[in-house]
Amino acid sequence: MENKKRLLVFIAMIFLLLLRQGRGNNIQIQNVTIASWEMNEDYVLVQFDLSWENSFRDEVNWDAAWVFVKYQLQGSSEWQHAWLGTTAAEHTVPAGYTCTVGSTTIDTINRGMGVFIYRSANGSGNTSLADVQIRWVYGANGVTDSAPLTLKVFAIEMVYVPQGPFYLGDADADLYYNFYTYGTSGPYLVTGEGEIPLGQTTGYLWAPNYVEAGALPAAFPKGYDAFYCMKYEISQGQWVDFFNTLADSQKTTRDMTSYVAPLWGKYSDNVEWRNTISIISGFATCTTPDRTCNYLCWSDGTAYADWAGLRPMTELEYEKACRGTLPVVDDEFAWGSADIIGAAAISGDEDGTEIISTAGANCRYNYIPLAGGDGGDGPLRGGIFARSATTREAAGSSYYGIMELSGNVWELAVNISNAAGKGYTGLHGDGSLDDTGMSDVANWPVYNSTAISYRGGAWDGDASAQRVSNRYLAGLPSFDRDGRNGFRCVRTAPSS
């Protein structure tokens, strides 16, 4: 009889399950339910339908959905990260797809933070998966059988960047503070994750400024090993979903619409630089969920990364994500050429279906006021330049199919300027923040650190700022929220 009572309580929980969608290329999670409950082993199978547009797998790499779960106990205002099964066999995806688990060590125990779901064979097109099941080991979270609660399932589009060598820098060392091989004017080849010598010695990695001599430690993520990178910068919808799971004390720090010293911010619930986020009585909304989120400072981005079980990107990983294994092209942008056309006009309502009508446009840059749509100055939605049958250059795509690595908003990354940056070891977020809403992962640069690099330019910068190798703003602390700043997270690829 007691087991039946527990089962009824747990079944009641099903009606509290909420739909969540991680905004990007229309990624959606629907029809969330509990497929089965193994009370003796303290786990449930969370079932849902998963879909996203323009998925792909080819001979080089693939895109994936990073799926994770949050839960809220009845009577609590706090959302917790659900720890999932740590092996792929504990989760079920439809035929033609596979999954791997991303785990984080918490208190010496390996915990499943999320699951990468992706094609198991080459193909492209829209993905629509029914009855995906992931195992939540609720007992590991300390949740009892009879605890009524609410679940939210989140999904973020990611792109797999495979292991391999790549070049840093430009063809002739003429960009702002770009990397090069000392003793030459050419790029530096990264051949592994081992220690890299830095300095003004022939053959060492160097840059004209914002680099300290001495070794770049083996633990620093260099981009040689495989990693996943968000296909798009954090969107306004994703930021709203994140914000609305925070405790009140955390929301105070992360509120971009209010003055929070020393983070500054947007100061308004009105539209500013095309940011439509409004926060009323502690609840965030926006009218353009697919549009890239600006007004993010470093601590905003790292808080999101920690919450999602991801981590910040390094400036070496940024260059790998842009050019892949290809030789350096002089003065290149993320799409592998030195040609660029700025977006000046939008066709259609900005509801996620709008397109850029400027002929040949592949980048949002150079402070061009937009005609049509909502108009104004500011970022565009992620992936707006990609259409069916567009080339890499026309889509503004990186070698691996990652979008807007040049233009739109600045990419904030960990640089190698000083000990604070070089001490970054690539630990992943554990799904929770401290009481003030700050990330608390060891060796992540703090909000006012000079270990931060601004890469890839923004909607207001000139062409030179958008180039892959431009390090002009390496070493500049990210104190405040700025209408030009965004963020993109990564995660080291699971070994299996």
Side-chain angles (χ1 to χ4, degrees), residues 102 104-105 161-169 177-182 187-201 203-207 209-230 298-299 301-302 305-306 309-325 405 411-430 439-456 468-469 471 473-478 487-495:
T104 296
T105 300
V161 178
Q163 184 186 70
F166 67 101
Y167 287 99
L168 290 170
Y177 307 135
N178 61 269
F179 291 120
Y180 67 99
T181 301
Y182 194 82
Y188 183 89
L189 180 63
V190 178
T191 58
E193 287 289 341
E195 186 177 278
I196 293 178
L198 306 172
Q200 293 174 289
T201 299
Y204 283 18
L205 175 62
W206 193 241
N209 204 352
Y210 302 133
V211 174
E212 287 183 355
L216 183 60
F220 184 91
K222 299 170 188 65
Y224 179 87
D225 281 350
F227 63 96
Y228 280 90
C229 178
M230 287 178 65
W298 175 257
S299 64
T302 55
D306 194 357
L310 303 173
R311 64 171 176 83
M313 174 170 54
T314 71
E315 59 174 338
L316 278 68
E317 289 174 320
Y318 168 79
E319 293 201 28
K320 170 71 173 291
C322 289
R323 70 168 56 94
T325 58
L405 282 168
E411 310 277 348
L412 305 186
V414 183
N415 71 34
I416 62 173
S417 297
N418 49 38
K422 291 188 287 187
Y424 176 60
T425 60
L427 293 177
H428 296 119
D430 62 4
S439 64
D440 53 4
V441 184
N443 298 319
W444 284 17
V446 296
Y447 77 93
N448 61 347
S449 174
T450 55
I452 298 162
S453 184
Y454 292 68
R455 303 299 294 265
V468 171
S469 297
R471 298 183 68 249
L473 295 180
L476 181 69
S478 176
F487 206 89
R488 189 190 308 258
C489 310
V490 301
R491 185 176 176 100
T492 305
S495 58

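Note that the structure is a prediction, hence the values are computed from the model and not measured. Here, residue 1 is the first one in the sequence, and each next residue gets the next number.
Considering all non-hydrogen atoms of both residues, Arg455 and Val468 come closest at NH2-O, 2.8 Å. For the pair Glu319 and Ser469, the tightest heavy-atom approach, listed with the atom from each and the gap, is OE1-OG, 3.8 Å. For the pair Gly421 and Val414, the tightest heavy-atom approach, listed with the atom from each and the gap, is O-CG1, 3.7 Å. Nearest heavy atoms, Lys222 versus Ile196: CD-CD1, 3.6 Å. Nearest heavy-atom pair, Pro221 versus Gly426, reported as atom, atom and distance to 0.1 Å: CG-CA, 3.7 Å. When all heavy atoms are compared, the tightest approach of Pro494 to Tyr228 is CD-CE1, 4.0 Å.
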Task: Verdict with supporting geometry, Asp430 and Asp440, side chain to side chain contact (heavy atoms under 4.5 Å, CB included) - done: CA-CA 9 Å; Asp430 62 4; Asp440 53 4; 4.3 Å; yes
- [ ] For Leu168 and Val190, run side chain to side chain contact (heavy atoms under 4.5 Å, CB included): C-alpha distance rounded to whole Å, both residues' side-chain angles, the deciding distance at 0.1 Å, then the answer.
- [x] CA-CA 7 Å; Leu168 290 170; Val190 178; 3.7 Å; yes
- [ ] Test Asn415 against Tyr210 for side chain to side chain contact (heavy atoms under 4.5 Å, CB included), laying out the working first.
- [x] CA-CA 9 Å; Asn415 71 34; Tyr210 302 133; 5.8 Å; no
Task: Chi angles and distances behind the side chain to side chain contact (heavy atoms under 4.5 Å, CB included) call for Val211, Arg471 - done: CA-CA 10 Å; Val211 174; Arg471 298 183 68 249; 3.8 Å; yes
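In this structure, Trp206 CH2 and Glu212 CD are separated by 8.5 Å, a value rounded to the nearest 0.5 Å. To the nearest 0.5 Å, the span separating OG1 on Thr191 from CD on Glu193 amounts to 10.0 Å. To the nearest 0.5 Å, atom OH of residue Tyr188 and atom CG of residue Leu316 are 9.5 Å apart. Between the NZ atom of Lys320 and the CD atom of Gln163 there is a distance of 7.5 Å, given to the nearest 0.5 Å. Distance check: Lys422 NZ to Phe220 CZ gives 10.0 Å after rounding to the nearest 0.5 Å.
Between Leu189 and Pro165, the closest side-chain pair of non-hydrogen atoms falls below 4.5 Å. The shortest side-chain heavy-atom distance between Ile416 and Leu205 falls under the 4.5 Å cut-off. At a threshold of 4.5 Å between non-hydrogen side-chain atoms, the residues Pro187 and Phe179 do not count as touching. At a threshold of 4.5 Å between non-hydrogen side-chain atoms, the residues Cys229 and Arg488 count as touching. The shortest side-chain heavy-atom distance between Trp298 and Pro312 falls under the 4.5 Å cut-off.
Contacts of Ser439 classified as side chain to side chain contact (heavy atoms under 4.5 Å, CB included), with partners at least two apart in sequence or in another chain: Thr302, Asp306, Trp444.
Side-chain polar atoms of Arg311 and Thr104 form no donor-acceptor pair below 3.5 angstrom.
For Tyr318 (side chain) and Leu405 (main-chain N/O), a donor-acceptor pair under 3.5 Å exists by modelled atom type. Of the possible donor and acceptor atoms, none in the side chain of Glu315 sits under 3.5 Å from a partner among the backbone N and O of Ser453. For His428 (side chain) and Thr492 (main-chain N/O), a donor-acceptor pair under 3.5 Å exists by modelled atom type.
Annotation: cation-pi geometry not satisfied between Arg323 and Tyr167 (NZ/CZ under 6.0 angstrom from ring centroid, within 45° of ring axis).
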